Amino acid sequence: VRKPNVVILGAGYGGLMTTVRLQKLIGANEANITLVNKHDYHYETTWLHEASAGTLHHDRVRYPISDVIDRNKVKFIQDTVTKIVPNEKKVLLENGELTYDYLVIALGFESETFGIKGLKEYAFSIANVDAARQIREHIEYQFATYNAEEEKKEERLTIVVGGAGFTGIEFLGELANRMPELCREYDIDPHKVRIICVEAAPTALPGFDPELVEYAVSQLERKGVEFKIGTAIKECTPDGIIVAKGDDVEEIKAGTVIWAAGVRGSRVIEESGFEAARARIKVDPYLRVPGHEDIFVVGDCSLVIDEETNRPYPPTAQIAMQEGQLCAKNLAVLIRGQGELEPFKPDIKGTVCSLGHDDAIGVVFGKKLWGTKASFMKKVIDNRALYLIGGSSLVMKKGKFKFF
Ligand code: FAD
């Protein structure tokens, strides 16, 4: 009998979890598993704000995919997916094509700029290792250039972060922590540095417990972050941003603008003609594309509705990994042709938002946490993600053990 071809696109939390679970569940003679990813490494997306701020080297947030896959069962292809052709059961890559019997789309997120002028061209987004490295180097370049120029341009020392959501706040925490050291390194008077966070919603961290939000904002303000809440970015230019609060329009000159206020699924979803909202596919209970029972979607390209609130679950690594675990189980059922498919039921254990390596806020198992307790919890969560994919040896290699 012919072995079915299982093709998994993307080796982030969702795709890699699917792969490592599936390789445990089935034998080498049961299916051909192929994993495709742009790079030969996996990165911890949830640590990218640290690499971007320069508080953690980018090599610490990534590891070779070959470290965790079983090469007897999984073929790895380093390539970029350009399009899926469901009617021909084909995936087009930059350098070739693949055919599948079962497909898993796990291509992750891209930045969503909501059509705001200039953001694509002039703002950075914390999207992957390459972007993180570029952000860190860009800020350092601005600081180095400030002193090297005869005519001092203070805007070189201004960093604007668009968005006080999860990613924006986590990045601000790292950046504020890094600043004293960066100023010393580049002989900059810390009083000249401005870190400004612009958020259009009426509060930072919308949806988070208000008491914890107040704690987070005051901790960051204490470290020098200025918040402009209820203020929308109207345009990004080569010189900075234009913001508006009601009828008041203001230009803020800044050498660095980071956009951290929106994500969408992969452009491949749209290229392939799937029905989607911001490139996220509303999947059936088994994580499949409606009308295409041979295609599963996990992670940020999938959209699952929370029945309690009737709103989509926010895209998180927590959900991506749980989807990956279930997807592997369901694939094993299909490959073997026995057993029943299981529907996806997320088990949300909590949320912890870091405010730098020594501080955080969170709600875990329904309990509010802040300060060192919360930051300890954050590192436990980070290490657990490594453990779930690569076991204790990966935790030993890449884990976070500096707790305070
Ligand atoms: P990803 O992990 O993004 O992986 C996608 C993979 O696909 C990558 O390896 C990428 O290289 C590859 N890829 C993309 N396009 C192509 C292509 N065309 N061809 C080939 N390969 C491709 N979530 C939490 O639960 N907790 C947190 O604390 C948290 N913090 C975050 C902090 C930051 C700074 C950011 C940016 C996000 C954070 N998130 C957090 C959200 C979380 O990171 C995402 O929800 C999660 O990464 C989604 O997993 P994924 O598998 O869908 O995609």
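Predicted model, so just to flag it, every value in this text is computed and none were measured. Atoms within a ligand are numbered from 1 in the order they appear, just like the ligands themselves.
- In terms of heavy-atom proximity, Gly14 sits nearest to Thr18 at O-OG1, 2.7 Å.
- Protein heavy atom nearest atom 46 (C) of ligand 1, with residue, atom name and distance: Tyr13 CD1, 3.7 Å.
- A pairwise comparison of heavy atoms in Val298 and Gly15 identifies CG2-N, 4.2 Å as the closest pair.
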Worksheet item: Which is it for Glu154 and Lys253 under the salt bridge (Lys or Arg N to Asp or Glu O under 4.0 Å) test, yes or no, and what are the steps along the way?
Response: CA-CA 9 Å; Glu154 296 211 349; Lys253 293 206 157 154; over 6 Å; no
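- For atom 53 (O) of ligand 1, the nearest non-hydrogen atom of the protein is Gly108 CA, 3.1 Å.
- The closest approach between Ala106 and ligand 1 falls below 4.0 Å for a heavy atom of the residue.
- Taking the ring axis of Tyr41 as reference, the NZ or CZ atom of Arg62 stays within 45° of it and closer than 6.0 Å to the ring centre.
- Atoms of ligand 1 found under 4.0 Å from any heavy atom of Gly10 (numbered from 1 in listed order, with element): 7 (O).
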Worksheet item: Passes side chain to side chain contact (heavy atoms under 4.5 Å, CB included), Tyr146 versus Ile188? Steps please.
Response: CA-CA 9 Å; Tyr146 173 79; Ile188 302 283; 3.5 Å; yes
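- The closest protein non-hydrogen atom to atom 42 (C) of ligand 1 is Ala317 N, 3.6 Å.
- Interatomic distance, Cys301 SG to Ile269 CD1, rounded to the nearest 0.5 Å: 4.0 Å.
- No side-chain donor-acceptor contact under 3.5 Å links Tyr13 and Gln318.
- Within a 6.0 Å radius of CD in Glu221, more than 12 heavy atoms belonging to other residues, nucleotides or ligands are found.
- With respect to atom 14 (C) of ligand 1, the closest heavy atom belonging to the protein is Leu107 O, 3.2 Å.
- For His39, every heavy-atom contact with ligand 1 shorter than 4.0 Å involves the side chain, none the backbone.
- Applying side chain to side chain donor-acceptor pair (under 3.5 Å) to Glu50 and the options Lys400, Arg136, His357 leaves one that passes, Lys400.
- Note on ligand 1: Val36 sits outside its first shell, no heavy atom being nearer than 4.0 Å.
- Checked against a 3.5 angstrom limit, the closest N/O atoms of Asp300 and ligand 1 fall inside it.
- Within the 4.0 Å heavy-atom shell around ligand 1 one finds Asp79.
- When hydrogens are left out, the protein atom nearest atom 40 (C) of ligand 1 is Thr46 CG2, 3.3 Å; that is the closest non-hydrogen contact.
- When all heavy atoms are compared, the tightest approach of His49 to Ser354 is NE2-OG, 4.4 Å.
- Rounding to the nearest 0.5 Å gives a distance of 11.0 Å between CG of Leu303 and CZ of Arg311.
- The Gln318 neighbourhood of ligand 1 comprises atoms 25 (O), with distances under 4.0 Å to a heavy atom of that residue.
- Note on ligand 1: Thr167 sits in its first shell, one or more heavy atoms being nearer than 4.0 Å.
- Between the side chains of Gln219 and Tyr215, at least one donor-acceptor pair of N or O atoms lies under 3.5 Å.
- Taking every heavy atom of Ile126 and a limit of under 4.0 angstrom, the matching atoms of ligand 1 come to 36 (C).
- When each atom of ligand 1 is checked for a heavy atom of Phe166 under 4.0 Å away, the hits are 27 (C), 28 (O), 29 (C), 30 (N).
- Atoms of ligand 1 found under 4.0 Å from any heavy atom of Gly299 (numbered from 1 in listed order, with element): 52 (O).
- With ring centers used as reference points, His58 lies 6.0 Å or more from Tyr43.
- For Lys38, a nitrogen or oxygen atom sits less than 3.5 Å from a nitrogen or oxygen atom of ligand 1, counting backbone and side chain alike.
- Of all protein heavy atoms, the one lying nearest to atom 19 (N) of ligand 1 is Val81 N, 2.8 Å.
- Closest heavy-atom approach to atom 33 (C) of ligand 1 within the set Leu9, Asn37, Thr45: this belongs to Thr45.
- Closest to atom 32 (C) of ligand 1, if we only count protein heavy atoms, is Glu170 OE1, 3.5 Å.
- For a threshold of 3.5 Å applied to N or O pairs, the pair formed by Leu48 and ligand 1 contains no separation below that value.
- Heavy atoms of Met321 come nearer than 4.0 angstrom to ligand 1 in no pair at all.
- Here the protein heavy atom with the shortest distance to atom 4 (O) of ligand 1 is Gly12 CA, 3.1 Å.
- Salt bridge annotation for Glu155-Lys192: absent, with no cationic side-chain nitrogen under 4.0 angstrom from a carboxylate oxygen.
- The ligand atoms of ligand 1 that sit less than 4.0 angstrom from a heavy atom of His49 are 34 (C).
- Close approach of ligand 1 to Gly14 (heavy-atom distance below 4.0 Å) involves ligand atoms 51 (O).
- Taking 4.0 Å as the cut-off between side-chain N and carboxylate O, Lys83 and Glu271 do not count as a salt-bridged pair.
- Residue-ligand proximity, Ala320 to ligand 1, at heavy-atom distances under 4.0 Å covers atoms 49 (O).
- At least one heavy atom of Tyr43 sits under 4.0 Å from some atom of ligand 1.
- With salt bridges taken as basic N to acidic carboxylate O contacts below 4.0 Å, none links Lys345 and Asp347.
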